[in-house]
Amino acid sequence: MEPAQGAQVADLGRGQFRGGGEVEYNIRRSYRDLIHTAYENAAIVPADPIPDHVKNAQFEISGTVKTGDDERERGTREAAPLRIDGRRGNGDEIEELWAVGELTDDEFEDHFIDDGIVEDIGEGTDGWDFPESSYSVDLR
């Protein structure tokens with residue numbers, strides 16, 4: 001690209017500064033790929049491992065809990081929360097998904113039921129479900 005007639009051009013090493021604030025850079029195609037890869041790698045920050053005090057916690061679940069035909073509110077004055085011993089569960093799949101940034105709420109719930117609740121207290125009458133949109137899990 002030739003400078004416009006009367007434009008000022010200053011050589012700045014790999015780029016040229018043109019009057020009017022434009023900077024033109026001539027970057028080799030191979031460098032573009034390297035730069036692109038470097039930016040992608042810098043944007044990916046690996047997650048810290050899930051701490052042992054979380055993996056091995058005592059979980060208390062309050063809210064609507066269902067197994068088979070038995071559906072009840074847990075964690076109230078009338079009913080204790082559903083208590084799960086995290087030391088008996090297997091959180092490997094949760095941790096793998098967490099480490100690669102792919103642990104969604106639904107994935108967490110599915111794996112927590114299968115690998116946490118079932119491992120600790122069994123399958124229940126017909127699996128475990130949390131039908132309400134709101135429930136809480138406290139760590140003890």
Side-chain angles (χ1 to χ4, degrees):
M1 202 170 164
E2 293 296 317
Q5 188 173 359
Q8 296 178 355
V9 177
D11 184 4
L12 298 176
R14 293 200 179 270
Q16 291 183 342
F17 178 77
R18 299 183 180 281
E22 291 182 41
V23 177
E24 181 181 310
Y25 287 97
N26 296 321
I27 300 175
R28 293 183 185 151
R29 185 173 302 273
S30 63
Y31 290 152
R32 286 183 189 167
D33 292 339
L34 289 173
I35 292 169
H36 178 74
T37 301
Y39 274 109
E40 280 185 340
N41 290 340
I44 299 171
V45 178
D48 289 334
I50 298 173
D52 286 337
H53 74 275
V54 172
K55 291 189 285 191
N56 298 323
Q58 300 298 308
F59 299 93
E60 292 188 354
I61 303 172
S62 299
T64 305
V65 177
K66 181 178 181 182
T67 181
D69 293 333
D70 182 9
E71 181 175 327
R72 62 179 117 164
E73 197 69 22
R74 302 293 298 258
T76 66
R77 288 181 173 221
E78 292 81 34
L82 178 63
R83 291 188 174 96
I84 306 301
D85 185 350
R87 295 172 297 179
R88 294 184 178 181
N90 180 357
D92 292 346
E93 290 187 46
I94 289 175
E95 190 145 29
E96 287 173 19
L97 291 169
W98 170 262
V100 296
E102 295 179 4
L103 184 62
T104 64
D105 290 346
D106 290 337
E107 287 282 339
F108 176 77
E109 185 175 305
D110 290 345
H111 285 292
F112 186 78
I113 290 170
D114 295 341
D115 305 331
I117 296 174
V118 171
E119 292 289 323
D120 182 29
I121 61 177
E123 184 68 39
T125 307
D126 191 22
W128 293 96
D129 191 24
F130 302 92
E132 297 294 320
S133 60
S134 177
Y135 59 89
S136 65
V137 179
D138 293 320
L139 304 179
R140 305 280 177 201

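FYI, the numbering just counts along the sequence from 1.
- Residues passing the side-chain contact (heavy atoms from CB on, under 4.5 Å) test with P131, sequence neighbours excluded: T64, K66, E71, D129.
- For the pair R140/D138, a side-chain contact is recorded, criterion being any heavy-atom separation below 4.5 Å from C-beta on.
- The salt bridge (charged side-chain N to carboxylate O under 4.0 Å, His left out) test applied to E95 returns K55, not counting sequence neighbours.
- Screening residues 48-102 for ring-ring contact (aromatic ring centres under 6.0 Å, His included), with sequence neighbours left out, gives F59-F112.
- Between the side chain of S62 and the backbone N or O of S136 there is no donor-acceptor pair closer than 3.5 Å.
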Can you give me every donor-acceptor pair (side chain of residues 78-86, partner residue at least two apart or in another chain, under 3.5 Å) with its distance?
unit_1	atom_1	unit_2	atom_2	d
R83	NE	E60	OE2	3.1
D85	OD1	Q58	NE2	2.9
D85	OD1	R87	N	3.0
D85	OD1	R87	NE	3.0
D85	OD2	R87	NH2	3.0

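- For D48, there are no side-chain contact (heavy atoms from CB on, under 4.5 Å) partners two or more places apart in sequence or in a different chain.
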For a quick test of your reading: what N or O donor-acceptor pairs under 3.5 Å do the side chains of residues 102-109 make, sequence neighbours left out?
unit_1	atom_1	unit_2	atom_2	d
T104	OG1	E107	N	3.1
E107	OE1	H111	NE2	3.3
E109	OE1	Y135	OH	2.7

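- D120 is linked by a salt bridge (charged side-chain N to carboxylate O under 4.0 Å, His left out) to R88, counting only residues two or more places apart in sequence or in another chain.
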From CA spacing to verdict: side chain to side chain contact (heavy atoms under 4.5 Å, CB included), I117, I61: CA-CA 11 Å; I117 296 174; I61 303 172; 4.1 Å; yes
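- Using a distance-only test at 3.5 Å, with no hydrogens or angles considered, no donor-acceptor pair links the side chain of W128 to the main chain of D114.
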